[in-house]
S.K.: 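Supplied in structure tokens, the structure appears directly below.
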Amino acid sequence: MPVVNAHNEWDPLEEVIVGVVDNARVPSPDRGLFAVDYADRLTSMDQIPSGPYSERVVRESAADLERFAEVLRSYGVVVRRPRVADHSRPFASPEWSVDGEYNYCPRDVILPIGDTLIETPMALRTRYFEPFSYKDILLEYFEGGANWVSAPKPRLADETYETGPGAGQVLANLEPVFDAANVLRIGKDVLYQVSCSGNRLGARWLQRVLGDAYTVHVVEGVYDGSHLDTTIMPLRPGLVLLNPERVGSDRVPAVFKNWDVIWCPPLPGVVATAEPVRASSWIGMNLLMINPELAVVDAAAQPLIKELNRHGIETEALPIRHSRVLSGGFHCVSLDIRRTGLLEDYS
């Protein structure tokens with residue numbers, strides 16, 4: 001078995017990276033940060049609530065991540081963690097200067113497909129050097145035989161971002177830009193979401209790199225917010241979880257034309273925190289499949305848990321208390337590096 005082997009979102013999980021929350025913060029005001037994360041609800045960059053997250057959010061999130069890791073280990077999964085970084089340190093390109101955010105969501109940074117790891121050209125300047133926290137792990141996988149590719153580092157010049165956007169107009173199509181979490185793997189079919197965190201040129205780059213063994217399907221006009229895994233979540237061959245507020249029965253991607261659909265029930269929207277909330281309650285459908293019959297799900301998402309159980313999927317219901325504050329559920333805070341199974345066609 002290759003050290004990296006990831007063909008879909010559900011094959012039995014053997015190795016995973018789980019994020020860390022140490023030194024997590026909202027970066028200082030920046031054109032890209034405002035356009036991608038805040039322009040839909042704030043009127044100016046100066047309103048971005050910059051600075052470290054509260055001690056409570058960091059402490060409780062660290063405990064939730066560690067419990068998640070312990071549960072995965074109990075199923076025999078190898079769990080790796082990124083290096084802790086000081087995200088308050090400023091860094092710059094010739095065109096801009098920013099500081100950092102966190103290492104909470106490894107799903108956004110690196111895209112494993114087959115036996116290849118792709119460092120993606122992320123949309124936020126503030127996360128430009130986030131892959132550095134994973135370099136030791138990536139080197140180890142490379143020495144073990146994995147392919148390791150880094151997409152062209154984008155300039156992310158000011159003209160990249162539309163700060164007063166209409167739907168779907170946040171990122172200009174000047175260079176390949178996308179977060180890894182804009183992508184979902186379904187064997188030979190790969191879904192790619194065009195949104196505020198991924199442009200069309202990124203999809204073209206990914207198709208060319210993956211070659212003829214894969215077909216990259218562009219998902220556009222469904223959800224203009226950042227990532228795909230709060231809108232579509234493949235659960236096992238022939239069964240997909242969809243967000244009814246964003247997809248609709250007439251917008252189901254053609255890849256799933258012969259699949260059964262679970263329409264995600266409404267999820268609890270109450271957050272017991274004074275911190276600014278970044279993610280909607282749909283972050284509750286951001287689950288991780290340990291195998292086709294077992295999912296790790298936010299314990300607060302009881303309507304979804306009942307629906308999964310009704311379809312024969314058991315659940316590990318765990319707390320992830322600040323998923324809406326930190327904008328990451330169990331799929332976001334994990335990165336499946338190795339699953340058993342081969343490349344197949346599920347269409």
Side-chain angles (χ1 to χ4, degrees), residues 6 9 12-26 52-88 100-110 112 127 130-138 140-141 180-181 227 229-230 233 267-268 271-275 277-279 283-291 294-302 304-305 314-339:
E9 307 294 331
L13 184 61
E14 294 188 335
E15 185 159 344
V16 68
I17 299 173
V18 172
V20 296
V21 73
D22 306 65
N23 303 322
R25 61 194 307 279
V26 177
Y53 288 101
S54 71
E55 185 275 335
R56 177 193 171 200
V57 166
V58 172
R59 171 173 43 83
E60 293 181 347
S61 297
D64 292 346
L65 289 173
E66 184 54 38
R67 183 171 179 184
F68 176 42
E70 289 172 359
V71 167
L72 293 174
R73 293 187 190 105
S74 75
Y75 285 97
V77 178
V78 176
V79 177
R80 313 294 297 273
R81 310 297 291 273
R83 180 189 297 176
V84 172
D86 178 3
H87 301 290
S88 67
E101 185 169 351
Y102 58 20
N103 292 125
Y104 182 70
C105 290
R107 181 74 55 180
D108 304 348
V109 184
I110 300 161
R127 303 184 71 180
E130 203 168 306
F132 280 30
S133 291
Y134 301 86
K135 291 294 185 182
D136 292 343
I137 300 174
L138 296 176
E140 183 180 324
Y141 293 143
H227 299 144
D229 50 5
T230 58
M233 182 57 63
L267 299 173
V271 178
T273 179
E275 301 280 336
V277 170
R278 293 170 58 192
I283 197 73
M285 67 176 283
N286 190 259
L287 56 84
L288 179 72
M289 300 301 295
I290 295 179
N291 60 55
L294 178 62
V296 181
V297 187
D298 185 344
Q302 286 299 316
L304 174 57
I305 289 170
E314 297 182 0
T315 54
E316 283 282 357
L318 301 178
I320 186 161
R321 284 167 281 187
H322 301 289
S323 61
R324 292 189 64 191
V325 172
L326 295 169
S327 196
F330 286 117
H331 195 253
C332 294
V333 303
S334 62
L335 181 65
D336 38 354
I337 293 296
R338 190 172 67 254
R339 293 180 180 269

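Only a predicted model underlies this, so the values are computations on that prediction, with no experimental measurement involved.
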S.K.: For a side-chain contact (heavy atoms from CB on, under 4.5 Å) check, start with the C-alpha distance between Leu326 and Ser61, then their side-chain angles and the critical distance, and finish with the verdict.
M.R.: CA-CA 9 Å; Leu326 295 169; Ser61 297; 3.3 Å; yes
S.K.: Is there a side-chain contact between Ile290 and Leu72 in this structure, where contact means two heavy atoms from C-beta onward sitting under 4.5 Å apart?
M.R.: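 With C-beta onward as the side chain, the pair touches.
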S.K.: Under a 3.5 Å threshold, yes or no: a donor from one side chain and an acceptor from the other, between Asn23 and Asp86?
M.R.: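 Side-chain D/A pair, Asn23 to Asp86: absent.
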S.K.: Would you indicate whether the side-chain heavy atoms of Glu66 and Arg81 approach each other to under 4.5 Å?
M.R.: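 Arg81 reaches Glu66 side chain to side chain.
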S.K.: Are Asp336 and Arg107 side-chain neighbours, meaning at least one heavy-atom pair lies under 4.5 Å?
M.R.: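 SC-SC contact between Asp336 and Arg107 confirmed.
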S.K.: Output all residues satisfying side-chain hydrogen bond (donor to acceptor under 3.5 Å, both in side chains) with Tyr53, sequence neighbours left out; order by chain, then residue number.
M.R.: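 Tyr53 satisfies side-chain hydrogen bond (donor to acceptor under 3.5 Å, both in side chains) with Arg278 once adjacent residues are dropped.
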S.K.: If you look at every heavy atom in Ile337 and Pro112, which pair is closest and at what distance?
M.R.: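 Minimum heavy-atom separation between Ile337 and Pro112: CD1-CG, 4.2 Å.
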S.K.: Is there a side-chain contact between His331 and Glu9 in this structure, where contact means two heavy atoms from C-beta onward sitting under 4.5 Å apart?
M.R.: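 Contact flag for His331/Glu9 side chains = yes.
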S.K.: Is there a side-chain contact between Leu288 and Leu13 in this structure, where contact means two heavy atoms from C-beta onward sitting under 4.5 Å apart?
M.R.: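 In contact.
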S.K.: Might you work through the side-chain contact (heavy atoms from CB on, under 4.5 Å) test for Cys105 and Arg127, ending with a clear yes or no?
M.R.: CA-CA 11 Å; Cys105 290; Arg127 303 184 71 180; 4.0 Å; yes
S.K.: If you define the side chain from C-beta out and look only at heavy atoms, does anything of Phe330 sit under 4.5 Å from Leu287?
M.R.: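 Side chain of Phe330 against side chain of Leu287, heavy atoms only: no contact under 4.5 Å found.
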S.K.: How about Glu70 and Val79: do any of their side-chain heavy atoms sit closer than 4.5 Å?
M.R.: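 Of all side-chain heavy-atom pairs linking Val79 with Glu70, none is under 4.5 Å.
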S.K.: Do the side chains of Val21 and His322 get nearer than 4.5 Å, heavy atoms only?
M.R.: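 Counting from C-beta outward, His322 and Val21 never come under 4.5 Å.
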